2 protein chains.
Amino acid sequence: MAQVKNNYQFEDMLQKHNLKKTAPRLRVLSMMYSKNTATSQPDLESVMNDIDRVTLYRILNTFEEKGIIHKVFDLNGTANYAVCHSDCRENHHQDEHLHFNCTLCKNVYCINELNMPKLTLPAGFEAQGFTLYASGLCPKCSKKEQVKMN
Amino acid sequence: MAQVKNNYQFEDMLQKHNLKKTAPRLRVLSMMYSKNTATSQPDLESVMNDIDRVTLYRILNTFEEKGIIHKVFDLNGTANYAVCHSDCRENHHQDEHLHFNCTLCKNVYCINELNMPKLTLPAGFEAQGFTLYASGLCPKCSKKEQVKMN
DNA sequence: TTCTAAATACAATAATGTTGCATTTGTATT
DNA sequence: AATACAAATGCAACATTATTGTATTTAGAA
């Protein structure tokens, strides 16, 4: 499920967006691409505790501006970041997919397999984008629960 | 659109939930019921600056636990609170409706008129609830924009 | 190799979330 | 109406997260 990429590809990504290839940035990219769930900044901090908190903050911000990652909020309102798929470009995110919040492991999954239903809003509202959130148990946690039941 | 209620009704609401009738709580209720958009804690604080920040924080928490209001996050991840409609009960919110974030005035509207589409998740995921977010221009702001264009 | 703009690290502050505790207040009971 | 107790508020304090400014370092161009 996780998109596998090597370091050369990460360097290319940075170059494409006119960003300098730096160690912190490459590490953030490889960490985020190795997971199939979104990552919160505290997550990143605990893994890369030698990188400054503010640096991570700014890296995430610029990645988001450039359309490399997008930000989603979990059930507690903390920001999580996930790699964008294909069609995001600078300042225009195409993240109309389902964000699944697992209530047990707290992970946030981006479900791209599901296409958004067409929706009509009440008169006057002009929608620019939709995001759908679901909460419940992810595959791993629902299995665990089943084991417990037996 | 805003649900009109008087002070007696607010007192009843508190009593029903075994909450004491206090001035801060009644003021919060009347403020929230007078609006048709969700309210953030900073909003409340600026209006009721004589009430302690922590008191507001706790009032909002207990109201949420009791099913009187529900919490939604806006595009910036800040918590907003809106009065619940009919079928919320303690520890079980029925807020499967659309939350519309206006990108201009930043207001969050709860759109109950729209019924949620049925969705099927990938195998393994067990959804307990859905929430739909939309962003764009609310009726007021889209009118303003039209005026500007002329 | 040198130079410059960009990126990082560090310091500092703001905003928000959260807990503990003393004081006050609503309400049930006498 | 007075009392008594649990609940609610207000205040102090602290934790976490978001954010800005600036000196230092570094990537990449010349």
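All of these numbers come straight from a predicted model, not from anything done at the bench. Any value given below was found using the heavy atoms of this structure, including those in side chains, with hydrogens, waters and symmetry copies removed. Proteins get letters first, then strands, A, B, ... in listed order; numbering begins at 1 in each.
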Nucleotide paired to C:dT27 in any strand shown, Watson-Crick or G-U, under 3.5 Å:
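Result: D:dA4.
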Which nucleotide in the set [options] lies at the smallest distance from any side-chain heavy atom of [X]?
X: A:K21; options: D:dG28, C:dC10, D:dA18; answer: D:dG28
X: A:K20; options: D:dT17, C:dT19, D:dG28; answer: D:dG28
X: A:V54; options: D:dT20, D:dG10, C:dT16; answer: D:dT20

Is the distance between the ring centroids of B:Y33 and B:F10 under 6.0 Å?
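They qualify: ring centres under 6.0 Å apart.
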Given atom [atom1] of [X] and atom [atom2] of [N], what is their separation to the nearest angstrom?
X: A:K66; N: C:dA6; atom1: NZ; atom2: P; value: 10 Å
X: A:R53; N: C:dA7; atom1: CZ; atom2: C1'; value: 18 Å
X: B:R58; N: D:dG10; atom1: CZ; atom2: P; value: 10 Å
X: B:L44; N: C:dG17; atom1: CG; atom2: P; value: 12 Å
X: B:N61; N: C:dT18; atom1: CG; atom2: C1'; value: 9 Å
X: B:R27; N: D:dA8; atom1: CZ; atom2: P; value: 18 Å
X: B:D74; N: C:dA15; atom1: CG; atom2: P; value: 16 Å
X: B:L56; N: D:dA8; atom1: CG; atom2: P; value: 15 Å

5'-most by nearest nucleotide on DNA chain D - B:A23 or A:L19:
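In this pair, the answer is B:A23.
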Of A:Y133, A:F73, A:F130, which meets ring pair (Phe, Tyr, Trp, His ring centres under 6.0 Å) against B:Y133?
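Single ring pair (Phe, Tyr, Trp, His ring centres under 6.0 Å) partner of B:Y133 among A:Y133, A:F73, A:F130: A:Y133.
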Check the pair A:F125, B:F100 against ring pair (Phe, Tyr, Trp, His ring centres under 6.0 Å), reporting the backbone distance first and the verdict last.
CA-CA 9 Å; A:F125 288 96; B:F100 189 93; 4.8 Å; yes
Taking side-chain contact (heavy atoms from CB on, under 4.5 Å) as the criterion, tell me which of A:I59, A:T22, A:D50 meets it with A:R27.
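Exactly one candidate clears the test, A:D50.
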Test item: A:I68 and A:M32 side chains (from C-beta on) under 4.5 Å apart, heavy atoms
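No, every pair of side-chain atoms sits at 4.5 Å or beyond.
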Checking all strands, does B:T22 fall into the base, sugar-phosphate, or nothing category for heavy-atom contacts under 4.0 angstrom?
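Sugar-phosphate only.
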Applying a 4.0 Å non-hydrogen cut-off, can you work out what B:R25 is touching in the nucleic acid: base, sugar-phosphate, or nothing?
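Sugar-phosphate only.
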Taking the nucleotide of DNA chain C with the closest heavy atom to each, which residue, A:P24 or B:Q15, is nearer the 5' end?
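Between the two, 5'-proximity favours A:P24.
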Given that B:E45 and A:D50 both sit by DNA chain C, which one's nearest nucleotide is further toward the 5' end?
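Comparing both residues, the 5'-ward one is A:D50.
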Output yes when at least one side-chain N/O atom of B:Y57 is less than 4.0 Å from OP1 or OP2 of C:dT16, else no.
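Answer is no, no contact under 4.0 Å.
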